[in-house]
Amino acid sequence: MHQTLRDKFADPSRGVYFIGTTPPRESTSDEQMQEIAEKLLGRLAALEYDGLIVYDIQDESARIDTPRPFPFKRTRDPREYSRLISALSDRETITYKSVAQRDRADFDKWLEETWNDFNLKNVVLVGSPSSDGDIRLPLPEAYKAIGANAHPFHLGGVTIAERHATKGNEHERILGKQENGVEFFVSQAVYNPQATTDLLASYARTCRERGIEPKRIVLTFSPCGSAKTLEFMEWLGISVPPATRWRILDAENPLLESIRICQNSLDQIIEACLPLGLPLGLNIESLTNRKEEIDAAIQLYRLLKATLDLKLAEQQLG
């Protein structure tokens, strides 16, 4: 019998490993969506992975004044793509849900459909990208709704190290979400390992002081092969230190350089955070649909999974 994702997450001696992806655009037919999913899974066929994370892409232009480097395009319902991928790969998926746009009654209906019609159990709830605008369901209210729901969803949340770098309280936000039933966290893409290490160390230390078991943190990494991708990363709020930025842009092969940077970042984070008893995981995504960046994401996945697996094996030796 398959171990469920919940079981895998609960075992601190192992890593958990994901590929991040987005649903196809709204105009995609069912047949085309099937082809896209099969092509993606074909690319992943040689990899060992626990599942895919399917994002809920929203127009975040209210969050920032600069124009979006790549135009926003509406997608199919992430649950449709998640269910399809799960059926084709025989693996569970994690499905993101942006909760701000609909009210509580709509969200309750969404929960029932997600469990009963789509057979999806692992969800990550995301709040509004901006405190401006029309927020019809704040994230804390969505947590109350899922807590009151009869189905035992495996609930995830998002954590952003960049917020910790500016406000110093992201670990408290994690703990607050934990109190609301969140059982694991997925980070924004890491290009500033120091910010991530500071956040994780604050979280681990506070858990220890309060006698709380830390939850699994899944670290996201993404390759970057061009100035345009870098611009998009920065638009999304990913912190790229100036020296790192120039290392990528000045490199003969920017993609390869970004892979090296990501491996180096993971090494630094593992070195500082594994001894703190934090269960970690990895999520590797390509932020664009450029073939070379998707291929690089698969290379990056292989490298980072091997890195974390080795460190976990060494840790078990004592």
Side-chain angles (χ1 to χ4, degrees), residues 5-6 8-9 11 14-23 40-41 43-44 47-57 78 81-82 85-86 89 91-98 120-126 154-162 174 177 182-193 195-197 199-200 203 215-224 229 232-233 236-239 258-259 261-263 265-267 269-270 273-274 278-289 293-309 311-312:
L5 271 189
R6 197 189 285 264
K8 290 175 180 179
F9 273 72
D11 178 359
R14 63 161 289 166
V16 290
Y17 301 101
F18 295 91
I19 304 288
T21 190
T22 55
L40 170 63
L41 293 172
R43 280 185 158 132
L44 307 181
L47 303 180
E48 282 180 40
Y49 60 98
D50 293 307
L52 281 93
I53 293 179
V54 179
Y55 297 115
D56 185 6
I57 301 297
Y81 198 46
S82 221
I85 280 177
S86 191
S89 67
R91 288 172 170 89
E92 287 180 70
T93 50
I94 294 174
T95 311
Y96 271 50
K97 168 63 174 167
S98 178
L120 300 172
K121 298 172 170 57
N122 312 288
V123 296
V124 171
L125 302 186
V126 184
H154 185 217
L155 177 61
V158 169
T159 184
I160 298 175
E162 284 80 354
I174 292 177
K177 288 177 181 179
V182 177
E183 297 179 63
F184 64 94
F185 294 88
V186 183
S187 83
Q188 185 164 262
V190 175
Y191 266 91
N192 184 340
T196 300
T197 301
L199 165 60
L200 297 185
Y203 173 57
K215 297 294 184 187
R216 175 86 59 173
I217 311 279
V218 179
L219 300 169
T220 300
F221 290 89
S222 183
C224 171
T229 304
F232 186 43
M233 280 168 31
L236 288 167
I238 297 163
S239 158
S258 77
I259 288 174
I261 287 165
C262 288
Q263 187 187 21
S265 295
L266 180 61
D267 278 334
I269 294 164
I270 287 172
C273 299
L274 265 195
L278 277 182
L280 298 177
L282 294 173
N283 169 41
I284 312 301
E285 62 181 10
S286 170
L287 287 166
T288 72
N289 56 10
E293 292 198 336
I294 294 168
D295 290 344
I298 290 168
Q299 281 180 282
L300 180 61
Y301 177 90
R302 279 201 177 97
L303 190 61
L304 297 193
K305 180 181 186 294
T307 302
L308 182 53
D309 275 342
K311 296 290 183 186
L312 286 166

Under 3.5 Å, is there a donor-acceptor pair between the side chain of [X] and the main chain of [Y]?
X	Y	value
Tyr191	Ser222	yes
Ser187	Thr220	yes
Ser86	Arg91	yes

Would you check if [X] and [Y] make a side-chain contact, meaning some heavy-atom pair closer than 4.5 Å?
X	Y	result
Tyr49	Ile284	no
Leu287	Met233	yes
Val218	Leu280	no
Phe18	Leu5	yes
Thr307	Gln263	yes
Phe184	Ile94	yes
Leu312	Leu274	yes

Indicate the ring-plane relationship of His154 and Phe9, choosing parallel, tilted or perpendicular according to the 30° and 60° boundaries. perpendicular
Kindly write out the residues that satisfy side-chain hydrogen bond (donor to acceptor under 3.5 Å, both in side chains) with Lys121, not counting sequence neighbours, or none if the list is empty. Asn119
Can you list everything that forms a side-chain hydrogen bond (donor to acceptor under 3.5 Å, both in side chains) with Glu285? Sequence neighbours excluded, please.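 Partners of Glu285 under the side-chain hydrogen bond (donor to acceptor under 3.5 Å, both in side chains) test: Tyr55.
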Derivation of the side-chain contact (heavy atoms from CB on, under 4.5 Å) call for Leu219 and Leu308: CA-CA 11 Å; Leu219 300 169; Leu308 182 53; over 6 Å; no
Shortest non-hydrogen separation from [X] to [Y] and the atoms involved:
X	Y	result
Tyr81	Leu40	OH-CD2, 3.9 Å
Leu120	Ser82	CD1-CB, 3.8 Å
Asp50	Val16	OD2-CA, 3.3 Å
Pro193	Ile269	O-CG1, 4.1 Å
Pro78	Val54	O-CG1, 3.7 Å
Arg216	Asp11	NH2-O, 2.8 Å

Rounded to the nearest 0.5 Å, what's the gap from [atom1] on [X] to [atom2] on [Y]? Could you check?
X	Y	atom1	atom2	result
Ser286	Ile298	OG	CD1	9.0 Å
Leu278	Lys215	CG	NZ	12.5 Å
Arg302	Glu48	CZ	CD	11.0 Å
Thr95	Leu125	OG1	CG	11.0 Å
Ile85	Thr93	CD1	OG1	7.5 Å
Leu266	Leu303	CG	CG	9.0 Å

Pair Thr22-Asn289, side-chain contact (heavy atoms from CB on, under 4.5 Å): steps then yes or no: CA-CA 10 Å; Thr22 55; Asn289 56 10; over 6 Å; no
side-chain contact (heavy atoms from CB on, under 4.5 Å) between Ile217 and Leu199, intermediate numbers included: CA-CA 11 Å; Ile217 311 279; Leu199 165 60; over 6 Å; no
Can Arg6 and Glu92 be counted as an ion pair, charged N to O under 4.0 angstrom?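 Looking at Arg6 and Glu92, the cut-off is not met.
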